[in-house]
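In the text below, chain A, chain B and the rest are named by the order of the sequence lines, each starting its count at 1. Not measured: the values here are computed from a predicted model.
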Amino acid sequence: MALQVYNTLTRRKEPFETIEPGKVRMYVCGPTVYDKAHVGHAMSAIVFDMVRRYLQYKGYDVIHVMNFTDVDDKIIKRSQETGDDPFAISQRYVDEFHRHIDELRVLPATIYPRVSDTIPEIVEMVQTLQESRHAYPTEGGVYFRVRQDDDYGKLSRRKLDDVLTGTRVEVGESKEDPNDFALWKAQKPGEPAWPSPWGPGRPGWHIECSAMALKHLGEQIDIHGGGNDLIFPHHENEIAQTESYTGQSFARYWMHNGMLQLSGEKMSKSLGNLVTVDEFLAGHEADVLRLLILSSHYRKPLAFNSTVIEDNARALARLRSALRPAVGRIATGTEAETLAAAAAQARTGFVESMDDDFNTAGALGYLFELVTAINRARDAGVGGEPFAAAQDALLELTGVLGLQLATVQPQGAEAAPFIDLLLELRAKLRVVKQYALADEVRDRLTDLGVVVEDTREGSTWRMQ
RNA sequence: GGCGACGUGGCCAAGUGGUUAAGGCAAGGGUCUGCAAAACCCUGAUCGCCGGUUCAAAUCCGGCCGUCGCCUCCA
């Protein structure tokens with residue numbers, strides 16, 4: 001079974017075939033850098049990171065482009081409110097974005113283009129669209145002529161006449177059709193601007209992505225991704241511009257992730273119900289967010305609340321339980337063979353699930369079954385090569401999802417000699433059956449975040 | 001109003017025509033342990049409601065109810 005990908009354009013799962021064998025050109029809409037990122041942005045980043053990692057696991061060479069929209073109404077507005085230079089604002093949030101990517105263990109994109117670095121390409125594109133009558137200049141800027149594009153609306157399945165009814169699209173004086181959208185906006189006082197054939201101005205909202213995808217990936221790309229709230233108008237307009245410009249179909253697969261929901265509603269800036277990435281990471285590990293996101297299908301809406309977070313923190317601990325060392329050394333026999341079979345089955349099931357439009361929830365199910373098999377084998381005394389091989393399989397597959405089970409704990413490392421000393425003394429207390437004191441040592445360590453567990457071979461500890 | 005998605009055990013969530021409906025969390029019982037923790041074993045759902053198609057449906061079709069998204073900036 002080969003990889004199947006759900007395509008928003010056709011509303012169906014389709015076999016994944018790239019334009020160039022073995023190579024994937026992927027463009028994912030990045031953030032408008034004017035404010036702190038919230039966990040919804042992180043969800044999108046993590047989803048497409050998972051897609052990329054899996055494609056690479058399948059052997060594809062992935063060129064991943066993610067843009068920064070650093071010229072935009074919202075940045076200008078923020079600048080006017082705070083008095084800060086608009087480029088200083090965008091740079092601040094670009095820097096923050098890179099820090100988040102690092103903390104969330106999202107693989108960096110191959111290229112991070114910015115609107116401000118793509119102005120000549122944008123101007124050229126708008127000019128060509130004007131020459132082909134797909135665009136027309138007015139006093140306020142240059143607009144895309146929606147009626148000139150016969151298949152406008154094909155992505156969002158919207159008919160132009162429907163868009164008009166029931167909405168409050170105001171017919172601007174200068175627009176021919178209320179659905180026409182700006183490719184180029186004429187400069188207003190105090191706004192950043194670049195020279196152009198239409199006078200000083202700046203790009204409209206959608207044209208940057210078309211120009212950047214074109215510049216860095218070519219006229220046709222394999223995957224175009226983003227949140228499903230971008231389907232209309234952003235991606236619809238991108239298709240209209242790009243295909244009118246190139247005369248070819250733009251992206252083969254349009255992939256959209258569902259929205260993260262907080263208290264039953266979409267998390268968004270305008271609703272003000274957001275949790276920032278920094279706030280989340282202050283209290284939880286990056287892997288908890290990743291597991292939470294991957295435990296459901298990427299196209300579905302996902303509830304985000306403290307219960308779900310805690311559930312996934314415990315689920316993560318369970319995945320990690322399989323990485324504890326073997327206690328026995330049995331390397332042959334039924335138990336060892338059963339474990340090897342479980343590892344093989346996990347691998348097969350994982351790939352089968354992931355091939356079905358990145359069914360991470362199904363894939364995780366197989367990984368949890370492998371966890372059980374590993375722990376059972378450990379209890380049965382299995383060790384040595386078969387045990388290590390099963391653990392390696394688990395690490396490999398969780399790694400494909402971008403989970404990092406093995407933890408380094410620097411704060412624990414510093415305290416280690418002292419904790420060891422306490423446990424050594426506690427062991428002596430237990431020998432002389434001073435259980436009250438021994439339990440107090442354990443309880444106090446627990447309060448400090450050190451989990452003590454007694455086994456046949458002695459006591460172990462780990463940081464909470 | 002238009003377009004679209006979803007409704008599976010207490011919670012989260014796979015499965016989309018046919019063996020015993022994955023998995024995680026929580027809960028209860030048990031093994032182990034001085035106790036605890038961890039781990040292991042055991043226990044639970046007929047799939048929103050109604051009707052239809054079919055030898056056979058959670059899975060297809062229709063209706064209803066409910067939740068959510070887009071239509072304005074938005075991952």
Engineer: Write down the distance separating the P atoms in B:G30 and B:A22, rounded off to the nearest Å.
Structural biologist: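 Nearest-Å result for B:G30 against B:A22 at atom P: 26 Å.
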Engineer: Both distances below 3.5 Å, Watson-Crick or wobble geometry, any strand: find the nucleotide opposite B:G28.
Structural biologist: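 Pairing partner: B:C42.
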Engineer: Checking side-chain polar atoms at under 3.5 Å, does A:S90 have a donor or acceptor matched by the opposite partner on A:R78?
Structural biologist: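 Their side chains do not contain a donor-acceptor pair, so the 3.5 Å distance test is not met.
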Engineer: Applying a 4.0 Å non-hydrogen cut-off, can you work out what A:L230 is touching in the nucleic acid: base, sugar-phosphate, or nothing?
Structural biologist: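 If one applies the 4.0 Å heavy-atom cut-off, A:L230 turns out to touch the sugar-phosphate alone, with no base involved.
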Engineer: Would you say A:R318 places a side-chain N or O within less than 4.0 Å of OP1 or OP2 belonging to B:C40?
Structural biologist: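 Checking B:C40 against A:R318, a side-chain N or O does come within under 4.0 Å of OP1 or OP2.
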Engineer: Distance check needed: B:A39 P versus A:F368 CZ, whole Å only.
Structural biologist: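 One finds 11 Å between P of B:A39 and CZ of A:F368, rounded.
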Engineer: Would you mind pulling out the nucleotide paired to B:A21, Watson-Crick or G-U wobble, both distances under 3.5 Å?
Structural biologist: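 The answer is none; no pair meets the criterion.
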Engineer: Once you apply the 3.5 Å cut-off to both distances, tell me the Watson-Crick or G-U wobble partner of B:C60, or none.
Structural biologist: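 Across any shown strand, B:C60 pairs with B:G52.
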Engineer: Indicate whether OP1 or OP2 belonging to B:G15 is found under 4.0 Å from a side-chain N or O atom of A:N359.
Structural biologist: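 Checking B:G15 against A:N359, a side-chain N or O does come within under 4.0 Å of OP1 or OP2.
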Engineer: Hey, does A:S353 reach any base, or is it just sugar-phosphate, or nothing, if we go heavy atoms under 4.0 Å?
Structural biologist: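 If one applies the 4.0 Å heavy-atom cut-off, A:S353 turns out to touch nothing in the nucleic acid.
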Engineer: Between A:R99 and A:D278, does any NZ, NE, NH1 or NH2 come within less than 4.0 Å of an OD or OE carboxylate oxygen?
Structural biologist: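 Yes, charged N to carboxylate O under 4.0 Å.
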Engineer: Which is more 5' along RNA chain B, the nucleotide nearest A:H234 or the one nearest A:A317? Just name the residue.
Structural biologist: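 Taking each residue's closest nucleotide, the earlier one in sequence belongs to A:A317.
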Engineer: Please name the pair of heavy atoms, one in A:G226 and one in A:F48, separated by the smallest distance, quoted to 0.1 Å.
Structural biologist: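 Heavy atoms only, the tightest pair is N-CZ, 3.4 Å.
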Engineer: Give me the distance, rounded to whole Å, that separates B:A13 from B:C25 when you measure between the P atoms they each carry.
Structural biologist: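 About 15 Å, rounded to a whole number of Å.
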Engineer: When A:D357 is tested against each of A:R299, A:K300, A:K13, A:R12 for salt bridge (Lys or Arg N to Asp or Glu O under 4.0 Å), which residue passes?
Structural biologist: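 Single pass found, and it is A:R299.
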Engineer: State plainly whether the residues A:E453 and A:R462 are in salt-bridge range, i.e. N to O under 4.0 Å.
Structural biologist: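 Between A:R462 and A:E453 there is a salt bridge, with a charged N closer than 4.0 Å to a carboxylate O.
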Engineer: Whole Å only: how far is the CZ atom of A:R442 from the P atom of B:G34?
Structural biologist: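 The distance from CZ of A:R442 to P of B:G34 comes to 12 Å, rounded to the nearest Å.
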Engineer: Would you classify A:V452 as touching base, sugar-phosphate or nothing, given that sugar-phosphate means primed atoms plus P, OP1 and OP2, and contacts are heavy atoms under 4.0 Å?
Structural biologist: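 A:V452: base contact, heavy atoms under 4.0 Å.
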Engineer: Select base, sugar-phosphate, or nothing to describe what A:G365 touches, counting heavy atoms under 4.0 Å on all strands.
Structural biologist: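 It contacts base atoms.
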Engineer: Answer with base, sugar-phosphate or nothing: what part of the nucleic acid does A:E453 contact at a heavy-atom distance below 4.0 Å?
Structural biologist: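 It contacts base atoms.
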Engineer: Look at the side chain of A:D379 and the base of B:C32, then say whether one donor and one acceptor between them are separated by less than 3.5 Å.
Structural biologist: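 Not at all, since no donor on one side and acceptor on the other fall under 3.5 Å apart.
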Engineer: From the list B:A38, B:A22, B:C70, which nucleotide is the closest neighbour of the side chain of A:R158?
Structural biologist: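 So the nucleotide nearest the side chain must be B:C70.
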Engineer: How long is the line joining CH2 of A:W461 and C1' of B:A38, in whole Å?
Structural biologist: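 In whole Å, B:A38 C1' and A:W461 CH2 are 17 Å from each other.
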Engineer: Can you tell me which nucleotide in B:A75, B:C25, B:A13 comes closest to the side chain of A:A361?
Structural biologist: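 The answer is B:A13.
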Engineer: Given atom CG of A:D49 and atom C1' of B:A75, what is their separation to the nearest angstrom?
Structural biologist: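 One finds 14 Å between C1' of B:A75 and CG of A:D49, rounded.
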Engineer: Please measure how far the P atom in B:A27 lies from the corresponding atom in B:G34, and state the result in whole Å.
Structural biologist: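 To the nearest whole Å, 25 Å.
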Engineer: State which of B:A13, B:A75, B:C11 makes the closest approach to the side chain of A:H41.
Structural biologist: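 Out of B:A13, B:A75, B:C11, the nucleotide with an atom closest to A:H41's side chain is B:A75.
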Engineer: Could you tell me how far B:U46 sits from B:G1 if I compare only their P atoms? Round to whole Å.
Structural biologist: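 To the nearest whole Å, 36 Å.
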Engineer: Can you find a side chain N or O atom of A:R314 that sits less than 4.0 Å from OP1 or OP2 on B:A26?
Structural biologist: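 For B:A26, OP1/OP2 do have a side-chain N/O of A:R314 under 4.0 Å.
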Engineer: Return the nucleotide paired to B:G7: Watson-Crick means purine N1 to pyrimidine N3 with N6-O4 or O6-N4, wobble means G-U with N1-O2 and O6-N3, both under 3.5 Å.
Structural biologist: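 With both distances under 3.5 Å, B:G7 matches B:C65.
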Engineer: Given B:A75, B:C71, B:G34, which nucleotide is nearest the side-chain atoms of A:P233?
Structural biologist: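 My answer, after comparing the listed nucleotides, is B:C71.
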Engineer: Looking at A:E279, I'd like to know if its CD atom is crowded, meaning that more than 12 non-hydrogen atoms belonging to other residues, nucleotides or ligands lie closer than 6.0 Å.
Structural biologist: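 Enclosed.
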Engineer: Tell me: CG of A:D439 to P of B:A36, nearest whole Å?
Structural biologist: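 Going from CG in A:D439 over to P in B:A36 covers 10 Å.
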Engineer: When the P atoms of B:C11 and B:C71 are considered, how many whole Å apart are they?
Structural biologist: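 To the nearest whole Å, 31 Å.
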Engineer: Name the nucleic acid region contacted by A:R426, choosing base, sugar-phosphate or nothing; use a 4.0 angstrom heavy-atom cut-off, strictly under.
Structural biologist: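 Here A:R426 touches the bases of the nucleic acid.
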Engineer: For the pair made of CG in A:D443 and P in B:C35, what is the distance, rounded to whole Å?
Structural biologist: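 The distance from CG of A:D443 to P of B:C35 comes to 15 Å, rounded to the nearest Å.
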Engineer: Just checking A:S156: base, sugar-phosphate only, or nothing, at a heavy-atom cut-off of under 4.0 Å?
Structural biologist: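 A:S156: backbone/sugar contact only, no base atoms under 4.0 Å.
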Engineer: With sugar-phosphate meaning primed atoms plus P, OP1 and OP2, does A:A315 contact a base, only sugar-phosphate, or nothing at under 4.0 Å between heavy atoms?
Structural biologist: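 Contact class for A:A315: sugar-phosphate only.
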Engineer: May I ask you to evaluate whether A:K300 reaches the phosphate of B:A14, defined as a side-chain N or O under 4.0 Å from OP1 or OP2?
Structural biologist: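 So the side chain of A:K300 is within the cut-off, an N or O lying under 4.0 Å from OP1 or OP2 of B:A14.
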Engineer: With respect to the side chain of A:R376, which nucleotide from B:A37, B:C40, B:C71 is positioned closest?
Structural biologist: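 Comparing B:A37, B:C40, B:C71 against the side chain of A:R376, the answer is B:C40.
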Engineer: Between B:C73 and B:G17, how far apart are the two P atoms, rounded to whole Å?
Structural biologist: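 Approximately 40 Å lies between the P atom of B:C73 and that of B:G17.
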Engineer: Considering Watson-Crick and G-U wobble pairs with both distances under 3.5 Å, what does B:C70 pair with?
Structural biologist: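 Base partner found: B:G2.
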Engineer: Measuring centre to centre across the rings, with the benzene-like ring taken for any Trp, is A:F68 within less than 6.0 Å of A:Y112?
Structural biologist: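 Centroid distance A:F68-A:Y112: below 6.0 Å, so yes.
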Engineer: What interatomic distance, in whole Å, is found between C1' of B:C68 and the corresponding atom of B:C61?
Structural biologist: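 Looking at atom C1' only, B:C61 and B:C68 are 24 Å apart.
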Engineer: Looking only at side-chain atoms of A:D229, point me to the closest of B:C3, B:G23, B:A75.
Structural biologist: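 Given the options B:C3, B:G23, B:A75, the side chain of A:D229 is closest to B:A75.
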Engineer: Rounding to an integer number of angstrom, what distance separates B:U16 and B:G48 when you compare their P atoms?
Structural biologist: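 Pairwise P distance, B:U16 against B:G48, rounds to 16 Å.
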Engineer: Under the 3.5 Å rule, do the base of B:G4 and the side chain of A:R11 count as making a donor-acceptor pair?
Structural biologist: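 No, the side chain and the base share no sub-3.5 Å donor-acceptor pair.
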Engineer: Please answer whether B:G34 and A:Y435 are stacked, defined here as ring centres separated by less than 5.5 Å and planes angled under 30°.
Structural biologist: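 Stacked: centres under 5.5 Å apart, planes under 30°.
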Engineer: Checking contacts here: which listed nucleotide (B:G34, B:A75, B:A39) is nearest the side-chain heavy atoms of A:D454?
Structural biologist: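 Among the listed nucleotides, the one closest to the side chain of A:D454 is B:G34.
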Engineer: Answer yes or no: is there an ion pair linking A:E310 with A:R314, defined by an N-O contact shorter than 4.0 Å?
Structural biologist: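 Judged by the 4.0 Å cut-off on N to carboxylate O distance, A:E310 and A:R314 do not form a salt bridge.
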Engineer: Given that A:Y298 and A:F48 both sit by RNA chain B, which one's nearest nucleotide is further toward the 5' end?
Structural biologist: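 The residue whose closest nucleotide sits nearer the 5' end is A:Y298.
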Engineer: Can you tell me how far P of B:A5 sits from CZ of A:R12, to the nearest Å?
Structural biologist: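 Taking atom P of B:A5 as the reference, CZ of A:R12 is at 14 Å.
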Engineer: Can you tell me the distance, in whole Å, between the CG atom of A:N375 and the P atom of B:G24?
Structural biologist: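 Spelled out: CG on A:N375 to P on B:G24 is 11 Å.
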Engineer: What about the rings of A:F250 and A:H235, do their centers lie closer together than 6.0 Å?
Structural biologist: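 That pair fails the under 6.0 Å test.
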